[in-house]
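Accompanying notes for the structure given below.
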Amino acid sequence: MGEGALTFQEVGRVKDGMGAGVQLSPVYDPAAMEPDIYALWLRGDAFRAEADSGRPPFTIVIPPPNVTGSLHLGHALDNFLQDAVIRWRRMAGDEALWLPGTDHAGIATQHVVEERLAKEGLSRHALGREAFVERIWEWKEEYEAIILHQLRRLGASCDWSRLRFTMDEGCSRAVREVFVRLWERGLIYRGDYIINWCPDCRTALSDIEVEHEEVAAHLWTVHYPLEGGGMLSAVTTRPETIPGDTGLAVNPDDERYRQFHGRVARHPLLDRKLPVVADPAVKQGFGTGVVKVTPAHDPVDFEIGRRHGLPSPVVMDEGGRMTAAAGPYQGLDRQACREAVLADLQARGLLSRTEEYRHAVGHCYRCASPIEPLLSRQWFVRMPPLAGPAAAALERGELRFVPDRFARVYLEWLGGIRDWCISRQLWWGHRIPAWHCRQCGQTIVSRTTPETCDACGHRELEQDPDVLDTWFSSALWPFSTLGWPAATADLGYFFPTSLLVTGYDIIFFWVARMVFMSLEFTGKLPFDRVLIHGLVRDAHGRKMSKSKGTGVDPLEAVDRHGADALRFSLLAGNAPGNDLRFHWERVEHGRNFANKLWNAARFALMNLGDLDRPVMEAPVELADRWILARLRRAIEDTDRLLGRLDLGEAARRLEDFTWTELCDWYIELVKSRLHGQDPGARRRAQLALWRTLTATLQLLHPFLPFVTEAIWQHWPARTGLLCRASWPHPADYPADAEAERTMGPIMDVIRAIRTIRSEFNVPPASRATAWLVVADDQVARALEAGRDHVVQLAGLEELIVVREAISPPKGSATAVTAGAEVHVPLRELIDLDREADRIRRQLAGIARDGERSRQKLADPQFLNRAPAEVVAKEREREQEAAMRAEKLERHLRTLG
RNA sequence: GGGCGGUUGGCUCAGGGGUAGAGCGCCUGACUCACAUUCAGGAGAUCACUGGUUCAAAUCCAGUACCGCCCACCA
């Protein structure tokens, strides 16, 4: 509820005993702390979303991980992205729901369980369907538990009360409902068509489950004798299908073969007549221009066969062995049959040429064995009526991809789509809700098990043995998980969801299908934005693979460096949609950053002990004004970047702010006041530090949830949990361009003195004196205001600021910054030759810059056409260069 | 055969019309009272190539080369 919203009014009232005096442990130890923090969140029920809370809903449904195994780094990336977004929106005031769940993953899971059975010397056939499915449920329970444990270790802020599984009761009900409605609308049909068949998995596959891979093969030229003399030659890559040939085809426009239209050839191996038909599907330019037609084993041939009424004997069975229709080849497997056919053709002198040939062959995406196109009775979803609206939604701009180039991938697939084969000859999955009458053969599609045949009234009904493609249920995920088809409160409130986060590899499998199913059944898009990310590869850019041992277990990284470190390493600096490589060094860097924050917080806590009433108060000291202004910019930038879902840039921006501006500069600047004697100055410093770090913890929480929450639990005046706290608002932090401008010369001078000290090996302990020669009024004021800072951070004994040119003390090292001339007398430490060298090097650089500016300013085109602003800037640059050069040259002369 | 992405310091990557950024690595110094999982300083890049647009190109356009990915029913 409203808990955790941290306003300054509230802050003034709250005096939290947890805050003051409680110390963080001196060592940042994520492994020890993260599980406790997660438990704290669970105890606080922090991730629970309420329908109808009155707040704007923000919903993400998880891409349900397969229960085949444990999560890999790709999942980790996917989930970190979702979690970062959901935590951000939760803090920003939305009713944020991240709905978790897992996927039954039909073929894949059946596979792994069969493998496990094989190790026990069992097979699914030995067990029988029911017992086998029982075994898979056991597997599912085991791996689901592992996956959920992993998600919690990663810090996923899922609403666990809404956990779902694609085969749970609710999802199953939605699946049956959709199937029946599609059937009733004529969008599902059953029929005999060529489908992709995997002889190893012994199931049909959809088109996208086939992976095309270029292989070295052969192109054989086979002669077909013609009745009445002569012959035609056709080329083939698959001689094993020759027993299934029932015709020859040529292009109707092919002059070479016009005389053969309507003639009849003899099958080269079997006693069969093969009509020669003319069909436009035949390309004249390829091979001999004659195609052997094997309707049952090739998609193109199937169409040709249909058009010309050719028979379509199935000569290969579901295991890839030749059937009785293959005559003498019966019983051979496909490879043996190929060899036998080639040998027989050779013996008869009907094989004339064998060419080397490279072409793409389809392989099963699960087991990688070559796919056989096979004529088979399957269930299909009619795609054109569904794909059209899904494409139109994108074209109307209602659906957006981030990055938008992936929109084209989606559109092109929908544009060229063919009907979706949804039946699978597996045991694990949603059983097709169709029954066949043993008596009359009628097919009954029903939400519930029918008692009698609706055609003949017979009671002997048998349910279709097939199950549905896994992606059929995944396609319903955004609404089936929220209660559809019932009009639940969740569905009304959290649907449509707000964002989908997934990899580009499943745009077809999943994203597009969710869109058309949602449009068809809810009338709404399931989400209006899709954030696409790339693959996580190993350090060498290879795809990670468990079998090759190149995979990294996310939990190993979590154990070694913490979930925050892994998260930061996968998120920071990665552009949306791009693949990224996993490097342990980056995880270490993430750990270092978390450690940095931890220590900054420890420093603050040590110094905020007596700050019991933080209040909103305009900063007056320069450093405070500066850091709060910088913070405001960091918030604005973060909001802008998160708004366009560029989490990589947002994380990088926040790291830069935190590490460089807050830790390296501000904390150093503020130490003197915190440790000094002036109670007012100390209090103002405390307040600014508290405000800055409070906002920093809030901003970083989506990127480093554990460490920020752990710190928060010790934070003065905090309320509740950070993950339910508010998101900082830039308007709460005063913009202060003047403070930012003033800090510039101060930081420049500090850096210049540090550089000189470093280059001349001035011992860190020795307190030098520095002379600044400043001509410009503004810069002079800035440096006066920042005098203490310069003294402090540059390690000075004394800082002397003068307004006019002086001869610097003998034996000085010199640098020129924007607006100031810096002299550090080094006496015996200085090496005059070396100093002259330094100056000459600096001069060379300045000369180059000055020359470039002069050239530009001498170009009338530039002066006329470039914006006045740009020209003015160039003039400034030129003058600056001239001034610096002059000063350095003067100094060089004094060196003799 | 179509399409998409990449080519930026030794490595891995951001950026993207107005004088090149980060992390890691490297070199020099420092165990400075939050942090050596650190601090300070430094070296290191004609942003793949060729043309074009522009006052101005690493950035936009066209083409080339190489790398990667996706799609595709020339048997």
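In the text below, chain A, chain B and the rest are named by the order of the sequence lines, each starting its count at 1. Being a predicted model, the structure only gives us computed values, none of them experimental.
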Side chain proximity check, A/Leu411 to A/Phe401, heavy atoms < 4.5 angstrom
no
Does the pair A/Lys873/A/Glu876 count as a salt bridge with the N-to-O cut at 4.0 Å?
no
So A/Phe703 and A/Phe568, would you call those rings parallel, tilted or perpendicular, with 30° and 60° as cut-offs?
perpendicular
Heavy atoms under 4.0 Å, any strand shown: does A/Gly573 hit a base, just sugar-phosphate, or nothing?
sugar-phosphate
A/Val235: partners by side-chain contact (heavy atoms from CB on, under 4.5 Å), with sequence neighbours left out
A/Leu219, A/Thr221, A/Phe286, A/Thr288
Atom C1', compared across B/rG18 and B/rA57: separation rounded to whole Å
10 Å
B/rC39 phosphate, OP1 or OP2, under 4.0 Å from A/Lys596 side-chain N/O
yes
Of all the nucleotides listed (B/rG18, B/rA34, B/rA75), which has the minimum atom distance to the side chain of A/Met606?
B/rA34
Output yes when at least one side-chain N/O atom of A/Asn578 is less than 4.0 Å from OP1 or OP2 of B/rA14, else no.
yes
Rounded to whole Å, CD of A/Gln792 lies from P of B/rC39 at a distance of 17 Å
Would one find a side-chain N or O of A/Asn592 under 4.0 angstrom from OP1 or OP2 of B/rU38?
yes
Under 4.0 Å, counting only non-hydrogen atoms across every strand here, what does A/Asp859 touch: a base, just sugar-phosphate, or nothing?
sugar-phosphate
Respond yes when some side-chain nitrogen or oxygen of A/Arg408 is under 4.0 Å from OP1 or OP2 of B/rC70, and no when none is.
no
Which class fits the ring pair A/Phe582 and A/Trp584: parallel under 30°, tilted 30 to 60°, perpendicular over 60°?
perpendicular
May I ask you to check if A/Arg338 and A/Trp220 form a cation-pi contact, with NZ or CZ under 6.0 angstrom from the six-membered ring centre and within 45° of the axis?
no
N or O in side chain of A/His359 less than 4.0 angstrom from B/rC74 OP1/OP2:
no
Just to be sure I understand the rule, does A/Pro763 reach a base, reach only the sugar-phosphate, or reach nothing, if contact means heavy atoms closer than 4.0 Å?
nothing
A/Phe593 CZ to B/rA34 C1', straight-line distance once rounded to whole Å:
15 Å
Any Lys/Arg nitrogen of A/Arg838 or A/Glu835 sitting under 4.0 Å from an Asp/Glu carboxylate oxygen of the other?
yes
Side chain of A/His212 only, heavy atoms from C-beta on: which candidate in B/rA75, B/rC24, B/rA72 is closest?
B/rA72
Taking the side chain of A/Arg418 as heavy atoms from C-beta outward, which of B/rC73, B/rA34, B/rG41 is closest to it?
B/rC73
Can you work out whether A/Glu214 or A/Asn595 has the more 5'-proximal nearest nucleotide on RNA chain B?
A/Asn595
Just to be sure I understand the rule, does A/Arg586 reach a base, reach only the sugar-phosphate, or reach nothing, if contact means heavy atoms closer than 4.0 Å?
nothing
Length of the line joining A/Asp656:CG and B/rA14:C1', which is rounded to integer Å:
12 Å
A/Tyr504 side chain: which of B/rU12, B/rA72, B/rC69 is closest?
B/rC69
With a 4.0 Å heavy-atom cut-off, tell me which residues in residues 657-675 of chain A come close to RNA chain B, sorted by residue number.
A/Trp659, A/Cys663, A/Asp664, A/Ile667, A/Glu668, A/Lys671
Can you see if the side chain of A/Tyr357 gets near the phosphate of B/rA75 - specifically, an N or O under 4.0 Å from OP1 or OP2?
yes
Taking only the P atom of each, what is the distance from B/rA48 to B/rC11 in whole angstrom?
14 Å
Base B/rU19 to side chain A/Arg848, donor-acceptor N/O within 3.5 Å cut-off
no
Quick one: which of B/rG5, B/rG18, B/rA75 gets closest to the side chain of A/Pro867?
B/rG18
Using a cut-off of less than 4.0 Å, is there contact between a side-chain N or O of A/Thr755 and OP1 or OP2 of B/rG42?
yes
Can you say whether the rings of A/Phe302 and A/Tyr193 are parallel (under 30°), tilted (30 to 60°) or perpendicular (over 60°)?
perpendicular
Which nucleotide in B/rU12, B/rA30, B/rC74 has an atom nearest any side-chain atom of A/Lys283:
B/rC74
State, without any angle test, whether A/Tyr365 and A/Glu209 hold a side-chain donor-acceptor pair at a distance under 3.5 Å.
yes
May I ask you to check whether A/Tyr224 and A/Asp245 show a side-chain donor-acceptor distance below 3.5 Å?
yes
So which protein N/O to nucleotides 20-22 of chain B N/O distances come out below 3.5 Å?
none

CZ of A/Phe862 versus P of B/rA57: gap in Å, rounded?
12 Å
Interatomic distance at C1', B/rG2 relative to B/rG15, whole Å:
31 Å
When all nucleic acid strands are considered with a 4.0 Å heavy-atom cut-off, which category describes A/Ala575: base, sugar-phosphate, or nothing?
sugar-phosphate
With a 3.5 Å cut-off and no angle check, do the side chains of A/Asn592 and A/Tyr28 form a donor-acceptor pair?
no
Please give the nucleotide sitting opposite B/rC74 as a Watson-Crick or G-U wobble pair, both distances under 3.5 Å, or none.
none
May I ask you to evaluate whether A/Arg757 reaches the phosphate of B/rG29, defined as a side-chain N or O under 4.0 Å from OP1 or OP2?
no
Between A/Arg841 and A/Val762, whichever has its closest RNA chain B nucleotide further toward 5' is A/Val762
With rounding to the closest Å, how many angstrom separate the C1' atoms on B/rG9 and B/rA65?
23 Å
Given the C1' atoms of B/rC33 and B/rC39, what is the spacing between them in whole Å?
14 Å
Look at all strands and tell whether A/Arg591 reaches a base, only sugar-phosphate, or nothing, counting heavy atoms closer than 4.0 Å.
base
Taking B/rU8 as the reference, what is the distance to B/rA20 when you measure between their C1' atoms (whole Å, please)?
9 Å
Does A/Asp748 pair with A/Arg751 as a salt bridge, N-O distance under 4.0 Å?
yes
Given B/rU19, B/rG41, B/rC70, which nucleotide is nearest the side-chain atoms of A/Phe508?
B/rC70
Checking side chain to side chain contact (heavy atoms under 4.5 Å, CB included) for the pair A/Trp420/A/Asp207: CA distance, chi angles, key distance, verdict?
CA-CA 8 Å; A/Trp420 175 17; A/Asp207 292 336; over 6 Å; no
Rounded P spacing from B/rG5 to B/rA14 in Å
14 Å
Using whole Å, report how far CG of A/Leu704 lies from P of B/rU37.
19 Å
Please determine, for the side chain of A/Arg537, which listed nucleotide (B/rG68, B/rA75, B/rG18) has the closest atom?
B/rG68
Charged N-O contact under 4.0 Å between A/Asp859 and A/Lys856:
no
What contact category does A/Ala360 fall into here, base, sugar-phosphate, or nothing, at under 4.0 angstrom with non-hydrogen atoms?
base
Taking the C1' atom of each, how far is B/rC27 from B/rC67, in whole Å?
33 Å
Among B/rA34, B/rG41, B/rA72, which is the nearest nucleotide to the side chain of A/Arg751?
B/rG41
